[in-house]
There are 2 protein chains.
Amino acid sequence: MKTKIPEPTLRRLSYYLRYLERFKEKGLEIISSKELSKGLGLSDAQVRRDLFTLGDFGKRGVGYNVDNLISFLNTFLGLDETQSTVLVGYGNLGKALLHYKGFKKRKFLITHVFDNDERLIGKRIAGAEIMDSKHLGKVCKKEMIKYGIIAVPASSAQEIVDRMIECGIKAILNFAPIKVHVSDGIVVSSVDLTTELEWLSYHMHHTKASKKYKVKKDLIARSPSTSSG
Amino acid sequence: MKTKIPEPTLRRLSYYLRYLERFKEKGLEIISSKELSKGLGLSDAQVRRDLFTLGDFGKRGVGYNVDNLISFLNTFLGLDETQSTVLVGYGNLGKALLHYKGFKKRKFLITHVFDNDERLIGKRIAGAEIMDSKHLGKVCKKEMIKYGIIAVPASSAQEIVDRMIECGIKAILNFAPIKVHVSDGIVVSSVDLTTELEWLSYHMHHTKASKKYKVKKDLIARSPSTSSG
DNA sequence: TAGATTGTTAATCGATTAACAATC
DNA sequence: TAGATTGTTAATCGATTAACAATC
């Protein structure tokens, strides 16, 4: 393995892995950089570059062995063993996450759920017990849990992050639309629907196709210059 | 406005906007690149560079006017007017999304929901009517809807994308863990929990802190070399 | 004026792309 | 051998960072 792997490469590995699994289901054993790139909308040069950075997987003139690559990626990404995970916040989003099958499939097992709503506390749903948020620290320390998922409002997200770190959690998946601050050695991944929506919105308003719509609709209110570019 | 705005800059705009709104709530009218950068974990140079790329907002020796910046960003991102949106898939995730308040706040209004489950069809939830998926095209064309949200399994995501494009939808927010292919002029944003989880998993297994844990646990099964680096 | 902070250019850094020799 | 495809280096492209003159 080479010294430093670029972040964009690392993030593409998930896509490679999933595509390879689908490819394998078709019964195919060897894949070329070209096939892999086409399926994922990348260039073949990029695929080769990425795999070259990780190690030595291919055979010149032949391609890459699908099984080898899959098992390497699984190990490399740390997906071989089950990870206990806590979920904080059992609103609409938390509920959906607890039932989301993708977690289990990737060996993330939500073992405890925390919320403030007394009506929920003590219930057992989808194999996880719902507990009072005040017990977060105690449980995480005792069970040595290292993964936490945050599905609380933006206003309390930073507080939950701080408490998670305090009790030994090292990796956090944050759904609150806020940039949370963490200390060294803690990794946070944020899923921010708001940002994605605004990204879409921006494109709708700045592509030529959409301009046509906009101008048609707002012809009177807008200055003529908006229809250009 | 300058010719080309880098994608990373565009994606940061959402964060700027939200931070500025919080800043404004405190009653503050002027913000410096330094304050803005600290709140978002960026460098002040980057903030100045980003804002410089967008236009001419600051006053040397003073800072940036918060109100001006907020209203510019709102307009620039196209958030001034309500956008009708359809949601396809009313499983756990779809349900959570329909109730998620962040959409409404950013003027994305889910007007129609589509699903195959006959028991749901005809119901009216949170202001949206649940309809049979086969009517997707008819409704989108008639209402001229341009935004679609996909909350169906990976296996049917591409088909729904194709049908959305066919009926005039231009921007798609995809939650299925798959790379979907679209034609020119269509923008897709994918929220992929699986990738985020694997990103976290990778970091847990490749940071020094986690290595200690791993080695302790797997001491016997692993070769000594895994504990280095 | 003196201090602060932006606007803007140039330097740096890092990722992607292109090209082709190596080799199956 | 001839054709295919990787491994690997160098060229290109683009974003970030640094620096400081302009100016409030």
Side-chain angles (χ1 to χ4, degrees), chain A residues 1-16 19-20 23 28-70 72-73 76 179 195 199 202 206, chain B residues 1-16 19-20 23 28-70 72-73 76 179 195 199 202 206:
Chain A
M1 191 190 317
K2 310 299 178 337
T3 30
K4 226 231 153 187
I5 299 156
E7 170 165 343
T9 296
L10 288 170
R11 289 196 167 262
R12 278 192 292 271
L13 299 186
S14 291
Y15 286 95
Y16 289 157
Y19 190 79
L20 288 165
F23 198 81
L28 300 162
E29 288 174 14
I30 301 289
I31 193 166
S32 70
S33 55
K34 206 168 177 180
E35 288 169 295
L36 194 39
S37 69
K38 239 197 300 188
L40 294 169
L42 308 168
S43 72
D44 57 329
Q46 186 162 62
V47 169
R48 283 203 299 283
R49 195 73 174 82
D50 283 347
L51 297 181
F52 167 67
T53 308
L54 295 173
D56 198 22
F57 301 103
K59 257 205 180 75
R60 294 173 201 234
V62 181
Y64 300 91
N65 180 294
V66 176
D67 272 338
N68 284 357
L69 217 40
I70 288 176
F72 169 79
L73 288 173
F76 186 74
K179 171 93 193 173
T195 299
W199 170 248
Y202 167 80
H206 290 263
Chain B
M1 192 190 315
K2 309 299 175 338
T3 31
K4 225 232 154 186
I5 299 156
E7 170 163 343
T9 297
L10 287 170
R11 288 196 167 263
R12 279 193 291 273
L13 298 186
S14 290
Y15 286 94
Y16 290 157
Y19 190 79
L20 288 165
F23 198 81
L28 299 162
E29 288 173 14
I30 301 288
I31 194 167
S32 71
S33 57
K34 207 169 177 181
E35 287 170 295
L36 195 38
S37 70
K38 241 197 299 186
L40 294 169
L42 308 168
S43 71
D44 56 329
Q46 186 163 62
V47 169
R48 283 203 298 285
R49 195 73 175 80
D50 283 348
L51 297 181
F52 167 67
T53 307
L54 295 174
D56 197 23
F57 302 103
K59 256 206 182 73
R60 293 175 203 233
V62 180
Y64 298 92
N65 179 293
V66 176
D67 273 337
N68 284 357
L69 218 41
I70 288 176
F72 169 79
L73 288 173
F76 185 74
K179 171 92 193 172
T195 299
W199 171 248
Y202 167 81
H206 289 263

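Reminder, nothing fancy here: chain letters follow the sequence lines and each chain counts from 1.
- Separating the CG atom of A:L10 from the P atom of C:dG14 is a distance of 15 Å, rounded to the nearest angstrom.
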Report the C-alpha separation of A:V47 and A:D44 in whole Å, then their side-chain angles, then the decisive distance to 0.1 Å, and conclude whether the side chain to side chain contact (heavy atoms under 4.5 Å, CB included) test is met. CA-CA 5 Å; A:V47 169; A:D44 57 329; 5.5 Å; no
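- The CD atom of A:E7 sits 14 Å away from the C1' atom of D:dT16 (whole-angstrom rounding).
- Put simply, CD on B:Q46 is 14 Å from C1' on C:dT12, counting in whole angstrom units.
- Atoms CG and NZ, on A:L42 and B:K179 in that order, are 7.0 Å from each other to the nearest 0.5 Å.
- Nucleotide D:dT6 holds its C1' atom 14 Å from the CG atom of A:D50, rounded to whole Å.
- Rounded to whole Å, atom P of D:dT6 lies 11 Å from atom CG of A:L69.
- Rotation axes derived from the C1' atoms of the five outermost pairs at either end of the helix from C:dG3-D:dC24 to C:dC24-D:dG3 lie 10° apart, to the nearest 10°.
- B:Y64 is listed as a side-chain neighbour of B:R48, based on a closest heavy-atom distance under 4.5 Å.
- Dashed line: the shortest gap from a side-chain N or O of A:S33 to OP1 or OP2 of D:dT6 is under 4.0 Å.
- Between B:I5 and B:F76, the closest side-chain pair of non-hydrogen atoms falls below 4.5 Å.
- Using a 4.5 Å heavy-atom cutoff, the side chains of B:V62 and B:I30 are in contact.
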The contact string for nucleotides 18-24 of chain D, one letter per nucleotide 5' to 3', using protein heavy atoms under 4.0 Å with B, S and - for base, sugar-phosphate only and none, comes out as BBBBBBB
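- Residue B:S32 has no polar side-chain atom (N or O) positioned under 4.0 Å from OP1 or OP2 of C:dT5.
- OP1 or OP2 of C:dT16 sits under 4.0 Å from a side-chain N or O of A:R12.
- Atoms CG (A:D44) and P (C:dT17) sit 10 Å apart, rounded to a whole Å.
- For B:Y19, there are no ring-ring contact (aromatic ring centres under 6.0 Å, His included) partners two or more places apart in sequence or in a different chain.
- Taking 4.5 Å as the limit, some side-chain heavy atom of A:L13 sits within range of a side-chain heavy atom of A:L10.
- Phosphate contact (OP1/OP2 of D:dA4, side-chain N/O of A:Y64, threshold under 4.0 Å): absent.
- Counting only heavy atoms from C-beta outward, the side chains of B:L51 and B:F72 never approach each other to under 4.5 Å.
- Counting to the nearest Å, the P atom of D:dT6 and the CD atom of A:E35 are 9 Å from each other.
- When B:L54, B:L36, B:I70 are each tested for a side chain to side chain contact (heavy atoms under 4.5 Å, CB included) with B:Y16, only one passes: B:L36.
- One interatomic measurement links the two molecules: CG of B:L51 to P of D:dA15, which rounds to 16 Å at whole-angstrom precision.
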